[in-house]
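Note sheet for the following structure.
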2 protein chains.
Amino acid sequence: MPETRSCQAHALKLACSNCNILEFCLPLGLTGEEVAQLDSLIMQRVKVKKDAALYRACDPLRFLYAVRIGFFKTDVLSLDGREQVTGFQMPGDMLGLDAVNSGLYTCNAFALEDSEVCAIHFDHLEKLAQELPSLQHNLNKIFSREIVRDHDMLMLLGNMNSDERLAAFLLNLSQRLNMRGYSSKEFVLKMRREEIGSYLGLRLETICRGIAHLRDHALVEVSGREVKILDMDRLKHLVAGCHRFS
Amino acid sequence: MPETRSCQAHALKLACSNCNILEFCLPLGLTGEEVAQLDSLIMQRVKVKKDAALYRACDPLRFLYAVRIGFFKTDVLSLDGREQVTGFQMPGDMLGLDAVNSGLYTCNAFALEDSEVCAIHFDHLEKLAQELPSLQHNLNKIFSREIVRDHDMLMLLGNMNSDERLAAFLLNLSQRLNMRGYSSKEFVLKMRREEIGSYLGLRLETICRGIAHLRDHALVEVSGREVKILDMDRLKHLVAGCHRFS
DNA sequence: CGTGTGTTTGATGAATTTCAAAGCAGGTGG
DNA sequence: CCACCTGCTTTGAAATTCATCAAACACACG
């Protein structure tokens with residue numbers, strides 16, 4: 001049974017080799033025909049240059065996007081122009097889920113480095129999901145995961161001090177990179193301090209000071225955008241509700 | 001064409017008269033047979049006493065719930081016991097969407113007054129949605145709307161000061177009550193100051209002071225939990241990025 | 001009428017923002 | 001190849017906002 005599954009997953013992987021959303025959103029147990037359908041759905045690759053917008057708030061929804069290569073941020077602007085970063089997306093993450101409600105994107109999505117996405121025609125996706133229950137179920141789960149992620153952010157913004165927020169942010173990046181096969185201890189930040197600050201509800205200066213604190217306590221080594229995590233356990237301990245350094 | 005639709009919607013309304021999720025999540029253009037299916041899906045009514053939990057974090061997902069009567073809050077607890085209220089739900093709002101990802105609820109849901117919900121068996125819902133494209137589409141939209149709502153909260157927590165947050169909170173309640181046919185100018189808060197504070201990332205004392213500020217500027221009249229909005233426009237103006245009272 | 005829960009207000013202190021200035025790195029043109 | 005921008009980061013000092021602590025108050029309920 002597991003044999004069959006992993007075999008089909010493999011076929012799928014080959015068929016969809018231009019897209020790595022596999023491990024995140026693809027159902028298993030499909031026929032070759034179905035795989036072909038799925039493949040055609042996500043065939044469109046799109047390159048996005050650093051600092052270019054993949055889409056902007058109020059653009060009509062046509063595609064959902066799965067990041068293939070690179071790094072994105074999504075943000076919303078308040079009426080008076082203040083930016084709120086709502087997320088950072090790395091390979092395998094989805095973009096555009098917020099647009100399904102109204103049919104218009106509610107965020108701006110920018111590439112933080114030269115990137116590539118799979119464009120998934122949303123109408124086609126819904127049609128196909130109609131025929132593939134497991135695809136539909138996975139789509140539901142992807143939506144739900146996004147909600148859970150946002151709840152985590154509410155907790156962070158509502159209850160954590162600046163150092164805890166920063167530690168939580170670094171740990172989150174670390175884990176997500178790790179899941180994707182990269183080092184969890186050393187990585188490079190693709191965003192500016194100001195964007196981290198916006199995401200965490202803090203000013204950029206506060207981010208700098210937070211980094212200095214973590215460094216002073218030998219939890220991390222940071223130079224510019226290069227991060228090395230020195231003491232994962234104490235970092236986790238800090239986030240887990242301990243307001244002070246241990 | 002609109003005739004047919006509204007007629008069917010009406011049939012649906014009758015069929016599902018025990019549940020008012022209609023206007024929020026039901027697709028139009030269904031056959032009588034389909035209406036019957038949908039009706040059976042949401043037939044289960046559940047009463048929840050004030051302060052009782054509808055479900056708790058880590059309970060396995062069996063149902064989504066649509067609030068029929070009453071008022072709920074959802075919250076998550078951090079490891080060290082701090083509460084973060086993630087939302088307040090009134091009639092027509094859905095509960096439990098966060099659980100679809102893992103199959104376990106991630107929040108606690110409490111009734112803030114004697115309430116009643118429609119329990120929607122999630123597995124059945126997915127099955128039925130498989131057969132009714134418009135139901136599936138609506139489900140997707142409901143998920144997406146929740147994400148948009150959360151993004152609004154991120155903006156609020158990340159970029160607004162305490163008075164702006166409070167004003168935004170009151171306006172949000174006002175609008176949602178209005179959409180449901182209640183007064184947008186006068187209403188009763190079902191939650192304590194502490195719960196408002198948790199939701200807005202503030203302490204309860206700060207909520208009190210914020211209310212005093214709004215009162216001083218003749219924007220609202222508040223006594224206990226009774227709220228009367230005196231100047232909707234200036235309240236909106238305050239939220240729209242004007243850091244100070246106008 | 002007392003008790004408990006929830007609300008309000010004041011005084012103080014801590015955390016974060018703001019303002020300011022200097023440092024650093026990468027890219028460009030002389 | 002160097003000097004000079006420009007954008008980003010870092011650090012310091014002052015100002016502000018919000019949290020904390022404390023006490024009084026209001027109201028409902030037994």
Side-chain angles (χ1 to χ4, degrees), chain A residues 50-51 73 80 82-85 110 112-114 156-170 188-216 220-227 238 241-245, chain B residues 50-51 73 80 82-85 110 112-114 156-170 188-216 220-227 238 241-245:
Chain A
K50 178 170 152 75
D51 295 327
K73 74 164 178 184
D80 60 332
R82 283 175 285 182
E83 176 188 36
Q84 176 67 43
V85 171
F110 296 101
L112 295 178
E113 60 181 350
D114 289 353
L156 182 145
L157 291 169
N159 275 302
M160 293 188 187
N161 67 31
S162 61
D163 291 331
E164 292 173 314
R165 292 184 201 190
L166 182 60
F169 170 71
L170 293 175
V188 176
L189 301 172
K190 305 297 186 182
M191 68 295 284
R192 297 179 309 230
R193 301 288 189 260
E194 187 174 6
E195 291 164 326
I196 300 175
S198 170
Y199 185 54
L200 299 179
L202 301 168
R203 299 280 113 165
L204 68 100
E205 295 95 328
T206 307
I207 301 300
C208 287
R209 287 184 237 274
I211 290 173
H213 295 162
L214 296 182
R215 186 174 19 229
D216 291 348
V220 300
E221 219 173 274
V222 181
S223 93
R225 299 197 175 181
E226 282 166 33
V227 176
L238 175 59
C242 310
H243 292 290
R244 304 244 143 257
F245 294 93
Chain B
K50 178 169 151 74
D51 295 327
K73 74 165 178 183
D80 60 332
R82 283 175 286 183
E83 176 188 36
Q84 175 68 43
V85 171
F110 296 101
L112 295 178
E113 60 181 350
D114 289 353
L156 182 146
L157 291 170
N159 275 301
M160 294 186 186
N161 67 33
S162 61
D163 292 330
E164 291 173 315
R165 292 185 201 188
L166 183 60
F169 171 71
L170 293 175
V188 176
L189 302 172
K190 305 297 185 182
M191 68 296 283
R192 297 177 310 220
R193 301 289 189 259
E194 187 175 6
E195 290 164 326
I196 300 174
S198 170
Y199 185 55
L200 299 179
L202 301 168
R203 298 281 114 165
L204 69 101
E205 296 95 329
T206 307
I207 300 301
C208 287
R209 286 184 236 275
I211 290 172
H213 295 163
L214 296 182
R215 183 172 24 224
D216 291 349
V220 300
E221 219 174 272
V222 181
S223 91
R225 299 199 174 181
E226 283 166 33
V227 176
L238 175 59
C242 309
H243 292 290
R244 305 243 144 256
F245 295 94

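Numbered from 1 within each chain, the chains take letters A, B, ... in sequence-line order. Everything numeric here is computed off the predicted structure, so don't read it as measured data.
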Could you check how far [atom1] of [X] sits from [atom2] of [N], rounded to whole Å?
X	N	atom1	atom2	result
A/Lys50	C/dG26	NZ	P	13 Å
B/Glu226	C/dT7	CD	P	13 Å
B/Lys190	C/dG6	NZ	C1'	17 Å
A/Leu112	D/dC8	CG	C1'	15 Å
A/Leu202	D/dC18	CG	C1'	14 Å
B/Asp163	D/dT16	CG	C1'	13 Å
A/Met160	C/dA14	CE	C1'	20 Å
A/Arg193	C/dG23	CZ	P	19 Å

Mind checking if [X] touches a base, just sugar-phosphate, or nothing, with heavy atoms under 4.0 Å?
X	result
B/Leu204	base
B/Arg225	sugar-phosphate
A/Ser162	sugar-phosphate
B/Gly210	nothing
A/Gly201	sugar-phosphate

Among [options], which nucleotide sits nearest the side chain of [X]?
X	options	answer
B/Arg215	D/dT11, C/dT9, C/dT16	C/dT9
A/Asn161	C/dT16, C/dT18, D/dT11	C/dT16
B/Arg209	D/dT9, C/dT9, C/dT17	C/dT9
B/Ile211	D/dT11, D/dA19, C/dT8	C/dT8

ask   = In terms of side-chain geometry, is the basic nitrogen of A/Glu164 or B/Arg82 positioned less than 4.0 Å from the acidic oxygen of its partner?
value = yes
note = On a heavy-atom basis, the closest approach of A/Arg165 and A/Leu157 is NH2-O, 3.2 Å
Earlier contact from the 5' end, DNA chain C, for B/Arg192 and A/Thr206 = B/Arg192
request  = Evaluate the salt bridge (charged side-chain N to carboxylate O under 4.0 Å, His left out) criterion for residues A/Glu113 and A/Arg225: first the C-alpha distance (whole Å), next the side-chain angles of each, then the deciding distance (0.1 Å), finally the verdict.
outcome  = CA-CA 13 Å; A/Glu113 60 181 350; A/Arg225 299 197 175 181; over 6 Å; no
Cut-off 3.5 Å, no hydrogens considered: what does the side-chain donor-acceptor table look like for residues 202-216 of chain A, sequence neighbours left out?
residue  : atom : partner  : partner atom : Å
A/His213 : ND1  : A/Asp163 : OD1          : 3.0
A/His213 : ND1  : A/Asp163 : OD2          : 3.1
A/Arg215 : NH1  : A/Val222 : O            : 2.6

Pair of N/O donor and acceptor under 3.5 Å linking D/dC21 base with B/Glu205 side chain = yes
task = Mind checking the CD-OH spacing from B/Gln84 to B/Tyr199? Nearest 0.5 Å is all I need.
result = 9.5 Å
